[in-house]
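Small disclaimer: the values here were computed from a predicted structure and weren't measured. Values below: every heavy atom of this structure, side chains too, minus hydrogens, waters and symmetry copies. Each ligand, and each atom within it, is numbered from 1 in the order the structure gives.
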Amino acid sequence: MLEIRNLHVSINDKPILRGLDLTVRAGEVHAIMGPNGSGKSTLAHVLAGREGYTVTAGEVRYLGRNLLELSPELRAREGIFLAFQYPVEIPGVANIYLLKAAVNALRLHRGEPELDAVDFLALVKDKLRLMGMDTGLLYRSVNEGFSGGEKKRNEILQMAVLEPRLALLDETDSGLDIDALKIVAGGVNAMRSPERAMVLVTHYQRLLNYIVPDQVHVLAQGRIALSGGRELALELENRGYGWVEAAAGQAG
Ligand code: ADP
Ligand code: MG
Ligand code: MG
């Protein structure tokens, strides 16, 4: 589904990613870990097509296509979803309005009929229940005045409604208390499917107690410095990131 080869990315001429390789197959859940500032958000943003990043080398293939040639809008329509580390507030735009517009844009792109108000509401209420969210949040401006936990849950609600092929979750766990973490993890787990891949960016292994990844990767020195199974996350929890960075530094 996703094949990243030798990816180099700079921000304002400063190299951040320096030769990153990653392969994600349909049905898999991958966790990207790494110290603060190692480029985890950069990777997620580049895949979603956000502005401000310059790809200086390498290639990214998504479902067999050159992802880097696609506009951010087209990436979203082709099933890539990014849940932000810092969800944006959109004053004056009701949450339900944004969700409905996004769902119907996707359906139009796929040649499916738009959902009418009744069908859409049924869909959203189903997902709200899954996320343990209050219906009232639908009618408030997107993320405006939401608590940290409500914003994160709202990101997962968007994902649940949009049913992406490739979901990128950037530190969706940070700022969540344990109950909210379990609900978010439950929402993510409910979305695991053979047709969908998920890449979870996380700084701590806590989330991985509830979402068991197929592979864990550590970002250091601008590339994937180490990959392993879920046990790698536990080792990182115990030993920190220093030893991985030291080894990556020696390697080049
Ligand atoms: P992580 O998500 O792993 O904490 P980021 O991808 O956010 O790391 O950041 C990687 C590096 O890029 C950091 O050194 C950070 O300071 C730098 N960086 C991120 N955004 C910008 C920006 N807009 N301008 C300059 N440097 C940036
Ligand atoms: Mg960070
Ligand atoms: Mg980040």
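- Proximity of A44 to ligand 1 is not established, as no heavy-atom distance is less than 4.0 Å.
- Look at G39 and you'll find a heavy atom under 4.0 Å from some atom of ligand 1.
- Annotation for ligand 1: atoms under 4.0 Å from non-hydrogen atoms of N12 are 24 (N).
- By the 6.0 Å contact criterion, CG on D116 is enclosed, its count of non-hydrogen atoms from other residues, nucleotides or ligands being greater than 12.
- Looking at K40, its side chain does come within 3.5 Å of a backbone N or O of G34 through a donor-acceptor pair.
- At least one side-chain heavy atom of L22 sits under 4.5 Å from a side-chain heavy atom of I32.
- By the criterion of a heavy-atom distance under 4.0 Å, both the backbone and the side chain of N36 are placed next to ligand 1.
- Only the side chain of I11 comes within 4.0 Å of ligand 1, judged by heavy-atom distances.
- Put simply, the side chain of M159 reaches to within 4.5 Å of the side chain of P164, judged on heavy atoms.
- Side-chain contact between N143 and F84: absent, with no pair of heavy atoms (C-beta onward) separated by less than 4.5 Å.
- Within 6.0 Å of CZ in F120 there are more than 12 heavy atoms belonging to other residues, nucleotides or ligands.
- Because the distance cut-off is set at 2.8 Å, T42 fails to qualify as a neighbour of the Mg ion (ligand 3), as none of its N, O or S atoms comes that close.
- Annotation for ligand 1: atoms under 4.0 Å from non-hydrogen atoms of P35 are 3 (O).
- Between K40 and ligand 1, a contact under 3.5 Å exists for at least one N or O pair.
- A donor-acceptor pair under 3.5 Å is absent between the side-chain atoms of S38 and the main chain of A220, judged by distance alone.
- Taking every non-hydrogen atom of T42 and a distance limit under 4.0 Å, the qualifying atoms of ligand 1 come out as 5 (P), 6 (O), 9 (O), 10 (C).
- Listed by chain and residue number, K127, R196 satisfy the side chain to side chain contact (heavy atoms under 4.5 Å, CB included) test with E163 (two or more places apart in sequence, or in another chain).
- Taking a 4.0 Å cut-off on heavy atoms, S38 registers as neighbouring ligand 1.
- Counting heavy atoms closer than 4.0 Å to ligand 1, residue L43 contributes nothing at all.
- The residue H203 has no part lying near ligand 1, judged by heavy-atom distances below 4.0 Å.
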